[in-house]
Every structure is written in C-alpha cells, then in structure tokens.
Visitor: 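Handing you this structure, nothing more for now.
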Amino acid sequence: MASPKTHYVCSECGASSAKWLGRCPSCSAWNTLVETVAESGGAAKNRYQSLARSQPVATLSEIEAKDFDRTPTSLEELDRVLGGGIVTGGVVLIGGDPGIGKSTLLLQAVDALSRQMKVLYVTGEESGAQVAMRSRRLGLDGSQVRVLAEIGLEKILATIEVEAPDFCVIDSIQTLYSEQLSSAPGSVAQVRECAAQLTRTAKATGCAMVLVGHVTKEGALAGPRVLEHIVDTVLYFEGDTHSSYRLVRAIKNRFGAVNEIGVFAMTEKGLKGVTNPSAIFLSTHGEPVPGSCVLVTLEGTRPLLVELQALVDGGGPSPRRLSVGLDRDRLAMLLAVLHRHAGVATMDQDVFVNAVGGVRITEPAADLAVLLAIQSSLRGKALPKGFIAFGEVGLAGEVRPAPRGQERLKEAAKLGFSVAVVPQANAPKKPINGLTVHAVARIEDAIEILRGM
Ligand code: TYD
Ligand code: MG
C-alpha cells in the first residue's frame, strides 16, 4: 500500500501547511499544528459516511423511535453508568489514572460478555501472558475471550474484520499507532486518527467498542478533547488509589443519563459492585471531632453521604486555601461570603478542606456543609453527633435549595442521622422520623444555629 501523504493542520484556525511549524502562519498561534492524513475529496467523504447514513427527509413523528439494542454486562454498577448495558455499534471511552482498575474492570466485563457474544480484547500495554495471569488471579474462566497483543492500528482493524467480534476492548488508545502518520504513539494526531478509524469500524460493523484512555496530570483525558465528541459515551474512573472504593462516572452518554455513578470496591478478586453505597464515604470517628461535617450529596439517582473535613490553622502573611475533592475557587468565594455575611474572618488563617475517600464533589449543594465544617474547625468545637447539612450558598449570603431535598433527608434519617441544617425551601412538609430539621434562609442563620448547639 502506498503510504498516503500527511500534512499539518492548525487546531485553532484550520490552516494547513506541508511541513511542521512552531507557529501557525495564518493565525500566529504557537504549537497548534497537528499532523493529519491528507485525503482526496472522495476519501474525506467516505470518512464520515458510516457515522450517519444519509436518509431522505422525514417527519420526526413518523420516524420509528426504536430503543437501542442493549446487552447487560452483568456487572450491575457498570450497566448503571452505561444506561443499561453496551449498545450495538456504540463506542465508549473510559479514562482514569494509571492503576485505578480500568484493565481489571474491562477484563471482567469481557469475560462476562463472552458467554453471550464474540469478544476481542486488544492489549497494547501488556503481553497476552500478563492478561492471562490477571484473568487467573481474578478467577475468571476466560475460555471464550480472544486476546490480541498488538499496537498497529491496521493490523487490529484487519483482525476485527476476520474475528468479527460483537464487543471489542482497546487497552489503551494511547499505545496504538497508525502507519499513515509519522508521529509517535500517544501523540494528538495518532490518538485522534486511531479513535476515528476504530469508531468508523464500530459503526460499520455494529461491534460495540470500549477505548481505554489515560488521564494527563491536569486531569483531562490525554490526547485531544476531540476524542470526547467522536465517541458516544465517556466514562471516568475516579477514587483514591489508596482506598478500595472506585467510582465510575458518566460524563457524556448518548444512550443514557449523565452524572450517574457506579460504585465498586477493589478486592483481591477484582472489582465488586457496591449496591448500597450511601455510607461508604463516612470516616469512623467514635465521637464527633471539630472540623468535620457530613454532606448528603446526590450523585445520579442515589444519595451519598460524604464526610467533609476542614482544618483552619494560623497562617503566614499569605494564607493558603487548599482543597481536595472540591473546587478551590469556590472555596475562596465561600470564605468571602462567610466573612462578609456572617462576620467570620479567616483572612489570617490557612484553610484546608477535604472530601473523605477520594470522591470529587461538583455540586454546589456542598457549600453549606463546607462552611459549617470550617466554622466548626475555627471554633475548635465539634458539630453534634448525627449532624448533616446540604445547600448552595450564594454571593449575597442566601442559602439556596438543593434538588430533591426530601430524598436526601430520608436517606440520612435511614442511616441514623438525627440533626440537619438545610435550606428553607428543602424543609420537609411532614416531619421525618428521628430527624430534627433546622431550615435556614441565610448563612448567618446557619452559623447562629451552630453557635447554639
Ligand atoms: P489495573 O486494572 O491494572 O489498572 P489500570 O488498567 O487502570 O492502569 O489495576 C491494577 C491495580 O489494581 C493494581 O494496583 C492492583 C490492583 N488489583 C487488586 O487490588 N485486585 C485485583 O484482583 C487486581 C486484578 C488488581
Ligand atoms: Mg491497564
């Protein structure tokens, strides 16, 4: 095969150049030229043909809305984030830190699916022997799982054609290279080209695919963000590698809800689903300690109780604000609100906050619990036993309601929590058994209640 020519395209403005340049001659942006396969008009047209087949114009109501053909993986927590199972021709990108358990989870999924369909596991990072060893260790039968240790994209595509699998895992996309490009495996150009080719194959053959991707130091999927819109579903694996719990979160899903999470525990026999995860992120203090406040957060469809910890300590001339699992800019904003509206000053203090268990909390409903933990640490006085809080805090000092407040309160009551500080609009209409609820409209009211406890 004659190797097709490549050229360099600016990722900012789209200008092309025959050779690589540090600066785009057209828009003058630095370091934006990326190697791309040069295609004739015909080839370029073919490229996306199978992504969406051309059809005559039709009225929406006349188009048959058939549900996607889903196959459950029999890993219940994985199915939950996928929206019910893998979809024919669907492409899933799964990202996460090294060592978090991506290969383990996918090997388990491939093994379970091999009982119902033809599966292929392509490994570019490990040898076949290593995969076999892991499979033995996991106690998997693995007899029907076909394994290919290969990093050449063209060879992989040829194998897919011959083997005709219904489900294929590529572990990982960063190790693949296409002969059409001269850039190294893992470069933006290679990752993008390989993902596009594999996606096209998935759509054309109906083979469901999972691409494993690595995460950069900045926390984004390595390679371009373009990967995220090529694929149908993007999942992130998160959690603290030092604890045994792992969360799989859907960031994008064309076949189901986003922000649904699956919870797993890493055991000696691989990842096991945790079906009732609401209490796993609580640390176990015998007696309440200062600087700790339990938040009821809502992840996807299930409430989770997460302990937030704050430490406020005398700082130097430029005090530090650090957060783990929470947004640092938001912390700075909350501290300003706390000072301005509740008169609690932390200007000369270092403030550290942490969400226990390596969870990442993105919803603003965590605000109130963060502020109460900070206030508790500042006073050196623990919150009462069985205390929970949630609610968003605005710049004007108002406490705004959190979605589905009743569900959060009920879950907390079920787990034996007895005191809650919540936004006014989330106050329950009927009293909840065993739970005393203080409804507040402003942050100063919440701080006032705390002082009286
Ligand atoms: P792995 O799936 O190789 O991670 P990734 O593919 O995301 O890089 O996960 C490996 C880690 O999980 C490793 O540190 C060992 C641990 N582990 C277990 O604790 N139990 C097991 O049964 C297996 C297979 C791995
Ligand atoms: Mg791996």
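Ligands are counted one by one from 1 in listed order, and the atoms in each one are counted from 1 as well. Since the model is a prediction, treat every value here as computed from it, not as a measurement.
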Visitor: At the 4.0 Å heavy-atom cut-off, does Gly270 count as touching ligand 1?
Guide: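 Within the 4.0 Å threshold, so yes.
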Visitor: Can Glu35 and Ser182 be counted as having a side-chain donor-acceptor contact under 3.5 angstrom?
Guide: yes
Visitor: Report the part of Leu138 (side chain from C-beta onward, or backbone N, CA, C, O) that has a heavy atom under 4.0 Å from ligand 1; answer both or neither where that applies.
Guide: side chain
Visitor: What residue and atom, counting heavy atoms only, is the protein's closest point to atom 14 (O) of ligand 1, and at what distance?
Guide: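 Here the closest protein heavy atom is Gly99 O, 4.1 Å.
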Visitor: I want to check something: taking the side chain as every heavy atom from C-beta on, are Arg321 and Leu335 in contact at a cut-off of under 4.5 Å?
Guide: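 Heavy-atom side-chain distance check passes, below 4.5 Å.
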Visitor: Please determine whether Ser103 has a backbone or side-chain N, O or S atom lying under 2.8 Å from the Mg ion (ligand 2).
Guide: yes
Visitor: Which value, rounded to the nearest 0.5 Å, describes the distance between Glu287 atom CD and Lys385 atom NZ?
Guide: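 Glu287 atom CD to Lys385 atom NZ measures 4.5 Å (nearest 0.5 Å).
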Visitor: Report the part of Pro98 in contact with ligand 1, treating N, CA, C, O as backbone and CB onward as side chain, heavy atoms under 4.0 Å; options are side chain, backbone, both, neither.
Guide: backbone
Visitor: Is there at least one pair of N or O atoms, one from Lys102 and one from ligand 1, spaced under 3.5 Å apart?
Guide: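 Checking ligand 1 against Lys102, an N or O pair does fall under 3.5 Å apart.
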Visitor: Relative to atom 2 (O) of ligand 1, which among Leu271, Ile94, Thr104, Asp97 owns the nearest non-hydrogen atom?
Guide: Thr104
Visitor: Evaluate the 4.0 Å heavy atom contact test for atom 21 (C) of ligand 1: does a protein atom fall under the cut-off?
Guide: yes
Visitor: Taking atom types as modelled, is there a side-chain donor on Thr297 or Glu363 under 3.5 Å from an acceptor on the other?
Guide: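 Yes, Glu363 and Thr297 have a side-chain donor paired with an acceptor closer than 3.5 Å.
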Visitor: To the nearest 0.5 Å, tell me how far Ser278 OG sits from Leu415 CG.
Guide: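 Between Ser278 OG and Leu415 CG, I get 4.5 Å after rounding to 0.5 Å.
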Visitor: Can you tell me which residue and heavy atom of the protein come closest to atom 6 (O) of ligand 1, and the distance to 0.1 Å?
Guide: Ser103 OG, 2.6 Å
Visitor: How does Met266 reach ligand 1, by side chain, by backbone, by both or by neither, if only non-hydrogen atoms under 4.0 Å count?
Guide: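 The part of Met266 near ligand 1 is the side chain, not the backbone.
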Visitor: Please state which part of Glu268 comes within less than 4.0 Å of ligand 1, counting heavy atoms only: side chain, backbone, both or neither.
Guide: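 The part of Glu268 near ligand 1 is the backbone, not the side chain.
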Visitor: Distance from Ile94 atom CD1 to Leu211 atom CG, nearest 0.5 Å?
Guide: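 Here the interatomic distance stands at 10.5 Å.
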Visitor: For the side chain of Glu150 and the backbone of Gly152, is there at least one donor-acceptor N/O pair under 3.5 Å apart?
Guide: yes
Visitor: Any idea which atoms of ligand 1 are less than 4.0 Å away from a heavy-atom of Thr267?
Guide: 18 (C), 19 (O), 20 (N), 21 (C), 22 (O)
Visitor: Which protein heavy atom lies closest to atom 4 (O) of ligand 1, and at what distance to 0.1 Å?
Guide: Gly101 N, 3.1 Å
Visitor: Would you say Glu76 has more than 12 foreign heavy atoms packed within less than 6.0 Å of its CD?
Guide: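 12 or below, so no.
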Visitor: Among all protein heavy atoms in this structure, tell me which lies nearest to atom 3 (O) of ligand 1, with the distance rounded to 0.1 Å.
Guide: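 The closest one turns out to be Arg134 NH2, 2.9 Å.
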Visitor: To the nearest 0.5 angstrom, please state how far the CG atom of Leu105 sits from the CD1 atom of Ile100.
Guide: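 Rounded to the nearest 0.5 Å, the CG-CD1 separation comes to 11.0 Å.
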